[in-house]
Amino acid sequence: MLLAIQWVLVADVIGVSPENQHLYTPIVEEGEGGDEAGGKYWYCLNDTSIKLQFHQINDDICDCPDGSDEPGTNACPSTPFKFYCKNEGHFPGYIDQFKLNDGVCDYDICCDGSDEYKIGNCENKCKEIHQQFEEYRSKKLETISRALEKKKSILMLAQTKRKELIKSLQDLERALPETKLNLNKLKVELEYAEQKEEKSESVYDHLDNEFDGLQRKIDKHIKEMSRQENKIQTLEKILEWLSKNYNPNFNDLAVKDSIHKFQEYISNKEEDDVKDDIHETNKLIKEIINKAKSMSHSGVSEEIAHFVPSLGNMLHHVFRLFSEKFLTKRSEEYVSPLSSNQLTPEIEKLEEKVKTIEQKIFLIKDDLNKDYGPDDVLRAFAQVTITKNLGGYQYKVNLLNSIYQNDVLIGKFKEYKDGKIHFNNGARCWNGPQRSAVVELICGEGLDVVSVSEPEKCHYSFIVQGETWCQPITDNDLQKSFEINYELL
Ligand code: MAN
């Protein structure tokens with residue numbers, strides 16, 4: 001029958017770290033009989049219904065379901081704790097049980113050789129290994145601190161680039177209303193100029209249709225008169241010939257009488273004034289036309305001009321209201337010394353300028369909203385191209401623009417996502433997809449393409465190193481990355 005727990009001993013179980021030794025504290029029970037080993041017991045860690053005698057720990061027989069009774073042997077297929085190496089003078093290590101006493105010195109984990117505690121063939125190398133580690137550490141820390149300094153300047157450059165963009169945006173946003181105002185002013189000046197030019201049109205400009213009609217009619221009359229005149233002349237010639245060549249001996253009274261009347265007609269024929277007259281009229285009309293051309297037309301009322309519903313008039317109206325209200329300028333002040341012909345190209349130029357400014361504003365805003373990595377850092381690489389010969393190709397990598405393999409476009413910058421840069425829309429592969437790439441960024445001294453692979457045909461994977469992607473390093477990181485130089489041991 002169990003009576004009472006009398007005392008608790010401090011454990012020193014091989015393979016268990018000092019923090020976990022308490023889990024292996026033997027329990028000494030004083031009861032009837034006790035056990036031969038002096039009454040020290042222990043319970044499996046994951047099943048306290050299994051009670052073992054203390055000497056069954058590390059006896060090379062697996063008794064507990066979780067293997068907790070064999071932390072220092074390879075008897076259990078799995079144990080909750082790995083074997084603890086003290087590694088005095090260096091850092092403690094934890095090694096898998098299957099590596100214990102296998103004849104191999106695993107100095108990378110157990111520099112004190114304790115993983116081979118049964119065979120005892122591994123001398124303690126912790127001093128030498130720690131010295132190597134210290135050298136590695138100081139070199140690494142130096143490198144990282146240099147890299148972090150560089151990173152600081154890269155970040156500053158990225159910030160400067162962002163600030164420059166913001167400044168350009170502000171300048172453009174400031175210039176836009178001013179340019180638009182100038183444009184509207186020119187448009188109003190054009191309105192005025194056009195009205196003025198319209199008002200100074202000549203009488204001829206307004207009556208040119210009528211003048212043309214009159215001119216055409218007179219030309220027609222002149223032609224008709226010439227035709228009639230030709231006919232008369234032909235008849236006169238026939239009669240003249242008759243009067244000269246008739247035979248007076250025939251005594252034909254009708255012939256004699258006709259010739260007599262013709263001679264009377266010829267002697268009484270008056271000079272033809274009508275023809276001169278009509279030429280006179282023609283001359284007169286030409287003079288009227290010339291006068292009309294030089295006479296200013298004043299028949300078009302200003303009111304009518306204002307009420308013509310044109311876009312220009314509406315604009316003029318709005319601008320006049322605006323200027324009267326805010327600019328306190330009188331409309332006369334918008335009278336330009338330029339003619340409408342000179343104003344039109346000026347307006348076109350300003351319209352183009354407004355369009356360009358608006359486009360630039362759109363592009364800058366779009367760019368400012370893009371994800372260029374933490375602290376916008378990728379901006380610092382906008383003008384940087386890394387050139388690298390790898391695998392028989394020359395690669396040209398611009399992190400914010402494009403990647404080329406010789407002259408073949410691998411891809412254009414698409415986005416920065418989850419710490420990687422994606423490029424797409426590259427040149428199409430023969431019988432395949434368009435080329436694309438993903439760039440992984442790692443810490444390293446100097447900006448460089450470390451490797452290129454093509455995990456799938458025409459989809460490339462790049463690793464680029466640089467100080468930008470370095471972080472302060474911890475002792476834990478250093479221990480993980482440290483590798484022993486066995487030649488020096
Ligand atoms: C070129 C290169 C390769 C690619 C093939 C596909 O040789 O771009 O990377 O795999 O074309 O045909």
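Remember, it's 1-based here, ligands and their atoms both numbered in the order they're listed.
The shortest distance between side-chain heavy atoms of Asn101 and Asn74 does not fall below 4.5 Å. Pro65 has its side chain within reach of Asn46: a pair of non-hydrogen atoms, C-beta onward, lies under 4.5 Å apart.
Ion pairing between Glu351 and Lys355 fails under the 4.0 Å rule for side-chain N and carboxylate O.
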(request) Test disulfide (SG to SG under 2.5 Å) on Cys85 and Cys111 and set out the steps. (result) CA-CA 8 Å; Cys85 311; Cys111 63; over 6 Å; no
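With hydrogens left out, the protein atom closest to atom 8 (O) of ligand 1 is Gln405 OE1, 2.6 Å, a heavy atom. Looking at atom 11 (O) of ligand 1, its nearest protein heavy atom turns out to be Arg435 NH2, 3.1 Å.
Below 4.0 Å from some heavy atom of Tyr460 lie the following atoms of ligand 1, by number and element: 2 (C), 3 (C), 4 (C), 8 (O), 9 (O). Annotation for ligand 1: atoms under 4.0 Å from non-hydrogen atoms of Cys458 are 6 (C).
The structure places OG of Ser17 at 13.5 Å from NZ of Lys82, a figure rounded to the nearest 0.5 Å.
Nearest to atom 4 (C) of ligand 1 by heavy atom, out of Glu454, Arg428, Lys457, is Glu454.
Between Tyr393 and ligand 1, an N or O atom pair is found at a separation short of 3.5 Å.
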